[in-house]
Novice: 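My structure is below; once you've seen it, I'll send some questions.
Just so it is clear, the model here is predicted, and its values are computed rather than measured.
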Amino acid sequence: MSHRTLPQPPRRTTRRTGAPPPATAAVTSAPPAADQLLSATAPLSAEGPLPEAGEPLPAEGPPPAAEPLSVWPGSTAPLGHDDLAVGGVPLTEVADHFGTPAYVLDEAEVRHRCRAYLRAFPGADVFYAAKAFLCRAMVHWVREEGLGLDVCSAGELELAVAGGFPPARIVLHGNAKSPADLRAALRLGVGRIVIDSTSEIARLAATVPAGSRQKVLIRVVPGIAAGGHAKIRTGTDDQKFGLSLADGSAQHAITRVLSQPRLELVGLHCHLGSQITTVKPYLAAVRRLIGLLARIREQHGITLPELDLGGGHGVAYRPGEPTLDLASLGDRLRAELTSGCATAGLPVPRLAIEPGRAIAGPAGVVLYRVLSVKRTGAHTFVAVDGGMSDNPRPALYGVRYAPRLIGRRTSAAPEPVTVVGRHCEAGDVLAADVRLPGDIRPGDLLAVPVAGAYHLSMASGYNLVGRPPVIAVAEGHARLLVRRESLADIQERDIGL
């Protein structure tokens, strides 16, 4: 199957509303427009005051229409016997050939989303956040589409550079970078290092070779609460990342960096959190960072040329959930930055953003085989051959997914069930209170969309089950990107007594 050409189903052209086209529709390979690709709400109003620091931010606009395939990759097409094809490849054939659990990644969807960001942010630097998902193929796709790369460790950095990614287009993050991380970054020549604490300044400066300078950004905490869950909000002072604007830590770090001849401060960095579905938090951050840029000019006589606003752009995991309107975000950020800098008498800095989940997440699907169905009182538990070792996010953040039965036609009415994993843990729940056909049974195949980000990258060795493979699909071809972790792999790491 890895080199087999399969019949091409039609590409689904409706992205977030309406029904999929009939099976006889013509295939289109043109990438959807940016607002079709990631937009799920009406254009947002710029009117009204922004909340103060730490104040919850209201939702913007109504949720999108709940089209059944709205959260699936754009190439998803229905086939006979209630099968689905992604990238022109039937998902049942992927499961039969590669086994389950298995991650399926739509290469065209990844590329479309990269292009959508470049269209929405012309003239800006778009860095793909590698922590969402990284492999050599992803490195290749991101580079070909013209994006930079944001990494968090020497491991991610080394993989990217080994895959041919130019180090000058890489930004290194991390709240606690190890000496090995910093040495690798300097040895390979990364473009930017984001300073996250004052203790890191002297350590980094001492590591930079004599006669050279390393470009750095200061990560600023602007005091803005935004994000889909408390554990993924990073714009407030009560979490581990960055340097506070409110208590003066950011200003102190800026002064210290400017005193280091081997460090070149080129800009500010800010990351508010993850799964943000409104534009207002980013506008608030821009206003506060412009204020800091103005103070830096007044106090130090320098104008910083770069402003990195991080990522955290929210996506829908289930039909009807809101996502961040990418086109609106790009337009309103540029307008806010331009007007704010004009008021402050500053030149407009070069903007950078760091999307990860919004590029990889909706491009992925995970396949599971049902192992057992247990009815206990009012509850029905559908156990599958994966679980929290390949997707810990429901247990960590309470994320809710929309699994779908594929490969078998049924007239049974949907019933509420809880899809659970195979692990020896009561919290191993993949999807609580979802509706699946009442005749769901062992051997059935379930597919879960929006599985391209923070699944494999957060996968564990719990119960020594082994991590699933990653299969890329494109134009009727399926090929293995990352092989399944075997029992032999696990045993080889254990050197014995």
Side-chain angles (χ1 to χ4, degrees), residues 63 66-73 76 82 84 86 91 95 100-104 228-229 231-232 274-275 314-323 357 361-408 410 412-460 462-463 465 467-468:
E67 193 268 304
L69 294 178
S70 62
V71 296
W72 289 72
T76 305
D82 284 350
L84 293 176
V86 175
L91 292 179
T100 57
Y103 304 113
V104 181
H229 190 279
K231 293 182 180 179
I232 51 176
S274 296
Q275 276 298 86
V315 303
Y317 282 87
R318 298 185 300 166
E321 291 182 347
T323 71
R357 180 198 319 267
V365 176
V366 62
L367 303 177
Y368 296 112
R369 191 72 67 179
V370 174
L371 297 180
S372 70
V373 178
K374 181 186 296 183
R375 291 176 171 84
T376 305
H379 301 285
T380 299
F381 296 98
V382 177
V384 299
D385 55 358
M388 65 190 306
S389 67
D390 60 77
N391 182 11
R393 301 185 64 254
L396 290 174
Y397 312 132
V399 179
R400 302 192 68 187
Y401 289 86
R404 179 184 179 117
L405 173 67
I406 61 171
R408 179 171 69 84
T410 175
E415 296 180 1
V417 305
T418 294
V419 180
V420 298
R422 59 172 293 179
H423 299 287
C424 193
E425 189 83 27
D428 183 18
V429 175
L430 289 172
D433 194 25
V434 295
R435 299 185 71 80
L436 289 174
D439 64 349
I440 189 83
R441 57 188 185 236
D444 280 342
L445 188 63
L446 296 183
V448 185
V450 201
Y454 301 109
H455 282 231
L456 182 59
S457 63
M458 297 180 74
S460 73
Y462 192 36
N463 292 162
V465 168
R467 289 168 290 184

Novice: If you compare all heavy atoms of Pro101 against all heavy atoms of Pro468, which two are closest, and at what distance to 0.1 Å?
Specialist: O-CB, 3.4 Å
Novice: Which pair of non-hydrogen atoms, one from Leu405 and one from Pro437, has the smallest distance, and what is that distance?
Specialist: CD2-CG, 3.7 Å
Novice: Rounded to the nearest 0.5 Å, how far does CZ of Arg435 lie from CG of Asp433?
Specialist: 8.5 Å
Novice: Which residues pass the side chain to side chain donor-acceptor pair (under 3.5 Å) test with Asp444, not counting sequence neighbours?
Specialist: Arg408
Novice: If every non-hydrogen atom of Leu367 is compared with every non-hydrogen atom of Val104, which pair is closest and at what distance?
Specialist: CD1-CG2, 3.9 Å
Novice: Compute the ring centroids of Tyr368 and His455, then answer whether they are less than 6.0 Å apart.
Specialist: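 Not under 6.0 Å, so no.
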Novice: Using every non-hydrogen atom in the two residues, find where Pro73 and Thr76 come nearest and quote the distance to one decimal.
Specialist: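 Taking every non-hydrogen atom into account, O-OG1, 2.7 Å.
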Novice: Going by side chain to side chain donor-acceptor pair (under 3.5 Å), name the residues that satisfy it together with Thr410, two or more places apart in sequence or in a different chain.
Specialist: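 Partners of Thr410 by the side chain to side chain donor-acceptor pair (under 3.5 Å) criterion, ordered by chain and then number, come out as Asp439.
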Novice: Of all the heavy-atom pairs spanning Val434 and Pro403, show the shortest one and how long it is.
Specialist: CG2-CG, 3.9 Å
Novice: Using salt bridge (charged side-chain N to carboxylate O under 4.0 Å, His left out) as the criterion, list what pairs up with Asp82, not counting sequence neighbours.
Specialist: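 For Asp82, no residue satisfies salt bridge (charged side-chain N to carboxylate O under 4.0 Å, His left out) once neighbours in sequence are set aside.
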Novice: So, does Arg422 use its side chain to make a donor-acceptor pair with the main chain of Gly386 at under 3.5 Å?
Specialist: no
Novice: State which residue, out of Asn463, Asp428, Asp390, fulfils the side-chain hydrogen bond (donor to acceptor under 3.5 Å, both in side chains) condition with His423.
Specialist: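 Single side-chain hydrogen bond (donor to acceptor under 3.5 Å, both in side chains) partner of His423 among Asn463, Asp428, Asp390: Asn463.
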Novice: Taking Arg369 for the side chain and Asp385 for the main chain, is one N or O donor matched with an acceptor at less than 3.5 Å?
Specialist: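 Not at all, since once roles are kept as given, no pair shorter than 3.5 Å links the two residues.
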Novice: Would Gln275 and Tyr397 count as having a side-chain donor-acceptor pair, cut-off 3.5 Å?
Specialist: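 Side-chain D/A pair, Gln275 to Tyr397: absent.
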Novice: Hey, are the side chains of Val365 and Trp72 touching, using non-hydrogen atoms and a 4.5 Å cut-off?
Specialist: yes
Novice: Whether the side chain of Tyr317 engages the backbone of Val71 through a donor-acceptor N/O pair (distance < 3.5 Å, no angle test) should be reported.
Specialist: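 Between the backbone of Val71 and the side chain of Tyr317 there is no qualifying donor-acceptor contact (under 3.5 Å).
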